[in-house]
Protein chains: 4
Amino acid sequence: MHWAVDPQAGEPIYRQLMGQIKRGIATGALAAGAKLPSVRDLAKLLVINPNTIVKIYTELEREGLLLTRRGLGTFVAGASTRLSRAERERLVSQRLDGAIVEAVNLGLTAADLHRLLAARCARFDCEREKNVG
Amino acid sequence: MHWAVDPQAGEPIYRQLMGQIKRGIATGALAAGAKLPSVRDLAKLLVINPNTIVKIYTELEREGLLLTRRGLGTFVAGASTRLSRAERERLVSQRLDGAIVEAVNLGLTAADLHRLLAARCARFDCEREKNVG
Amino acid sequence: MHWAVDPQAGEPIYRQLMGQIKRGIATGALAAGAKLPSVRDLAKLLVINPNTIVKIYTELEREGLLLTRRGLGTFVAGASTRLSRAERERLVSQRLDGAIVEAVNLGLTAADLHRLLAARCARFDCEREKNVG
Amino acid sequence: MHWAVDPQAGEPIYRQLMGQIKRGIATGALAAGAKLPSVRDLAKLLVINPNTIVKIYTELEREGLLLTRRGLGTFVAGASTRLSRAERERLVSQRLDGAIVEAVNLGLTAADLHRLLAARCARFDCEREKNVG
DNA sequence: GTGGTCTAGACCACA
DNA sequence: GTGGTCTAGACCACC
C-alpha cells in the first residue's frame with residue numbers, strides 16, 4: 001500500500017486518507033484482516049498529526065470497514081460486520097443521486113449514465129484483478 | 001433549470017449552488033442574457049439564508065459569469081464557455097466512481113448498481129415532473 | 001435541560017455527556033428540532049475543552065440523533081433520519097444481550113428479566129410524562 | 001460457569017472478565033475453594049492474550065478474592081460475600097435502562113423490547129446448551 | 001456568530 | 001508497544 005496525502009489540497013487531509021483506505025479495501029490492496037499501520041507510524045510517515053489518524057480510524061470503524069483492538073492495533077474488518085442490505089443500498093443510492101444531478105445539469109441522459117457506469121465498473125474490475133492476481 | 005441543494009451533504013451549500021449555475025451556463029440551460037431568480041425567491045425556494053445567495057451572485061459576478069442590474073435583477077453574462085462532451089462525461093464519471101467504491105465496499109455488484117441507478121433515475125424524473133407540472 | 005459532567009468519574013467526559021443528551025432526547029427534555037448550545041457555550045459552561053463537545057456532537061450526528069448546519073448550530077433530529085428497522089433492532093438487542101449476561105451471572109432467570117424490564121419501562125414512561133405534560 | 005467477553009465492547013476486556021468472576025463468586029456459581037481455569041486454558045477459550053488473564057488473577061488475589069497455589073492453580077478464597085437479591089436486581093436494572101433509552105431513541109416500543117428480550121434469551125439458552133452438551 | 005480541521009503535546013489504559 | 005482521552009490554541013469556511 002502506497003500512502004500519500006497533499007496538505008495543500010482543498011480537500012481535508014482526513015477525507016483524502018479515508019478515501020484512500022476505502023479504495024484500498026475495495027480494490028483488495030488492503031485484504032480483510034490485514035493490519036493497518038499504527039497511529040503513530042502512519043502519522044510520522046505522512047508528517048501529519050497523530051490525532052488526524054485517530055479520527056480517520058475511528059470514523060472508518062464506525063462505518064464497519066475497520067476493527068480496532070486496544071493494545072493490538074487496527075485491522076481491516078471482514079464482510080461479516082456489515083450493515084443490512086437496505087441500509088447499504090441507501091448509502092450507495094445517495095452517491096448515485098449525486099451523479100444523476102450532475103448528469104442532468106450537464107445535459108446527459110439516463111442512457112448516458114448507464115453507459116458510463118458500465119465503462120467505469122469495467123475499469124474498476126481491472127484494478128482489482130491486478131491486486132488479486 | 002432544476003434547483004436543488006442538500007444542506008446535509010459534505011459540500012457547502014454555496015459551492016453546490018455555484019457549481020449548479022456554472023453547469024447550467026456550461027450546458028446552455030442558462031442562456032446568455034437569461035434572468036436568474038431573485039435573491040429572496042431562490043432563498044425561499046431552497047430554504048437557505050438569502051445572504052448565501054447574495055454571496056454566490058456576487059462571486060459569480062466577480063468571475064464575469066453574471067451581471068447585476070440595479071432594480072432589474074441578475075442575468076447571465078454573454079459569451080458563456082460551454083464544456084465539451086468529453087469534459088462533461090469526465091465530471092459525471094468522477095461521481096460514478098465514488099458510488100462504485102462505496103458499492104464494492106458494501107458488497108454490492110455491478111448489476112445491483114445498474115438496478116439502483118435505474119430506480120433513482122426513475123424517481124428523479126417523477127420529482128422533476130412535479131416541479132414542471 | 002440541566003448540564004453536568006464529573007471530570008473525576010471513571011467514565012470519560014464525552015461518554016457521560018453523550019448519555020445525558022440521549023436520555024434528554026428519549027425523555028422529551030430535548031424535543032425534535034430543538035437547538036443545542038453552541039460548541040463554545042457548552043464548553044464554557046461545563047469548563048471542558050470545546051473539542052470534546054465537537055466530538056460528542058459529531059458522534060451523535062453519525063448516530064442520526066442530531067443534525068448540524070454549518071454557521072447555524074446543532075439541532076435535535078426528527079425521527080425521519082433514522083435507521084432501518086432491522087438495524088435499530090440490532091442495536092437494541094446488543095444492549096439486551098449485556099443485560100442477559102449480567103442476569104445469568106447473577107443467577108436471575110428470564111422471567112426475572114421480563115419482570116424487571118416491565119418495571120423499568122413503567123418508570124421511564126413516568127419521567128417522559130413530566131416533560132410532555 | 002459461562003465465560004464470555006466481547007473485544008469490541010466499550011468496556012475493556014480485563015474489566016469484563018473481572019466483573020464476571022466477581023459476580024460468579026457473588027452468586028455462588030464459583031463456590032469457595034473452587035478451581036478456576038488455568039491461565040492458558042482461559043486465554044485459549046476466550047481468544048485473548050494470556051497476559052490479560054494473569055493481570056486479572058493477580059489483581060483479584062490482591063483483593064483477597066482468589067488464591068494462587070504454585071503448581072496447583074488458582075482457587076476461590078473462602079468467605080465469599082454474596083450479594084442480596086435486591087442488589088443483584090439493581091445491577092441488572094442498570095443494564096436494562098441502557099437498552100430502554102436506546103430503544104426509545106430508535107422509536108421502538110416496550111412491546112418490541114419484550115419481544116426482542118424473549119428472542120435473545122432463547123438464543124442465549126441455545127448457545128449455552130451447545131457449550132454444556 | 002456558527003461548526004470544521006489541524007497541530008502539539010500531555011497522560012492514561014490496555015495487551 | 002498499542003489506541004483512548006483531553007487540553008490549549010490556531011486558522012479556516014460558512015451563514
Side-chain angles (χ1 to χ4, degrees), chain A residues 5 7 9-18 35-43 46-59 61 66-75, chain B residues 5 7 10-18 43 46-56 59, chain C residues 5 7 9-17 35-43 46-59 61 66-75, chain D residues 5 7 9-18 43 46-56 59:
Chain A
V5 291
E11 195 180 15
I13 293 176
Y14 92 96
R15 211 174 278 274
Q16 290 178 47
L17 204 45
M18 268 181 62
K35 185 179 186 308
L36 287 154
S38 82
V39 168
R40 291 161 170 84
D41 283 354
L42 192 49
L46 296 173
V47 197
I48 61 179
N49 191 289
N51 280 337
T52 306
I53 310 288
V54 167
K55 182 177 181 177
I56 294 164
Y57 282 4
T58 306
E59 173 72 16
E61 188 180 7
L66 301 183
L67 278 181
T68 154
R69 298 193 58 180
R70 281 183 274 189
L72 292 180
T74 303
F75 306 83
Chain B
V5 292
E11 197 179 13
I13 293 176
Y14 93 97
R15 202 179 291 270
Q16 291 179 47
L17 203 45
M18 265 183 63
L46 298 173
V47 196
I48 62 179
N49 193 313
N51 285 334
T52 307
I53 311 285
V54 171
K55 178 179 177 179
I56 293 166
E59 170 66 18
Chain C
V5 291
E11 195 180 16
I13 293 175
Y14 91 96
R15 211 175 279 274
Q16 291 178 46
L17 204 44
K35 185 178 185 309
L36 287 154
S38 82
V39 168
R40 291 160 171 85
D41 283 354
L42 193 49
L46 297 172
V47 197
I48 61 178
N49 192 289
N51 281 337
T52 306
I53 310 289
V54 167
K55 182 177 181 177
I56 294 164
Y57 283 5
T58 307
E59 174 72 17
E61 188 181 8
L66 300 183
L67 277 181
T68 155
R69 299 191 58 180
R70 282 184 273 191
L72 292 180
T74 303
F75 305 83
Chain D
V5 292
E11 197 179 13
I13 292 176
Y14 94 96
R15 201 178 291 271
Q16 291 179 48
L17 204 44
M18 265 183 63
L46 298 173
V47 196
I48 62 179
N49 194 313
N51 285 334
T52 306
I53 311 283
V54 170
K55 177 178 177 179
I56 293 166
E59 170 66 18

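Below, read A as the first sequence line, B as the second, and so on, with proteins coming before strands; counting in each chain starts at 1. As the structure is a computational prediction, the values presented were derived from the model and not from experiment.
E/dC14 atom C1' lies 14 Å from atom CG of D/Leu17, rounded to whole Å. Atom C1' of nucleotide F/dG4 and atom CD of C/Glu11 are separated by 14 Å, given to the nearest angstrom. One interatomic measurement links the two molecules: CD1 of D/Ile56 to P of E/dC14, which rounds to 11 Å at whole-angstrom precision. The interatomic distance linking A/Ile53 (CD1) with F/dG4 (P) rounds to 13 Å, in whole Å. Atom CG in A/Asn51 sits about 15 Å away from atom P in F/dA8, given to the nearest Å. Atom-to-atom, CG of A/Leu36 to P of F/dT2 comes out at 13 Å; the value is rounded to the nearest Å.
If you check every strand for non-hydrogen atoms under 4.0 Å, D/Ile48 touches nothing. Within the 4.0 angstrom heavy-atom criterion, only backbone atoms of the sugar-phosphate kind lie near C/Thr74; the bases stay farther away. A/Arg40 comes within contact range of at least one nucleobase, with a heavy-atom separation under 4.0 Å. The residue A/Asn49 sits close to a base: some heavy atom pair falls under 4.0 Å.
Comparing F/dC6, E/dT5, F/dC15 by their nearest atom to the side chain of A/Tyr14 picks out E/dT5. Side-chain proximity of B/Ile13 to the nucleotides F/dT5, F/dC15, F/dT2 is greatest for F/dC15. The listed nucleotides are E/dT7, F/dC14, E/dC14; the one nearest the side chain of B/Pro12 is F/dC14.
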* Determine, stepwise, if the pair D/Ile53 / D/Leu17 fulfils side chain to side chain contact (heavy atoms under 4.5 Å, CB included). => CA-CA 9 Å; D/Ile53 311 283; D/Leu17 204 44; 3.8 Å; yes
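Scanning atom types as modelled, no donor and acceptor separated by under 3.5 angstrom connect the side chain of C/Asp41 and the base of E/dG1.
Pair assignment for E/dC14: F/dG1, on the basis of Watson-Crick or G-U wobble contacts that are both within less than 3.5 Å.
Between B/Arg15 and A/Gly73, it is A/Gly73 whose nearest contact on DNA chain F lies nearer the 5' terminus.
A heavy-atom distance below 4.5 Å is not found between the side chains of A/Tyr57 and A/Thr68. Side chains of C/Arg69 and B/Ile13 form a contact here, defined as non-hydrogen atoms less than 4.5 Å apart. By the 4.5 Å heavy-atom criterion applied to side chains, C/Leu72 and C/Lys35 are not counted as neighbours.
Within the structure, every side-chain polar atom (N or O) of B/Lys55 is placed at least 4.0 Å from both OP1 and OP2 of F/dC15.
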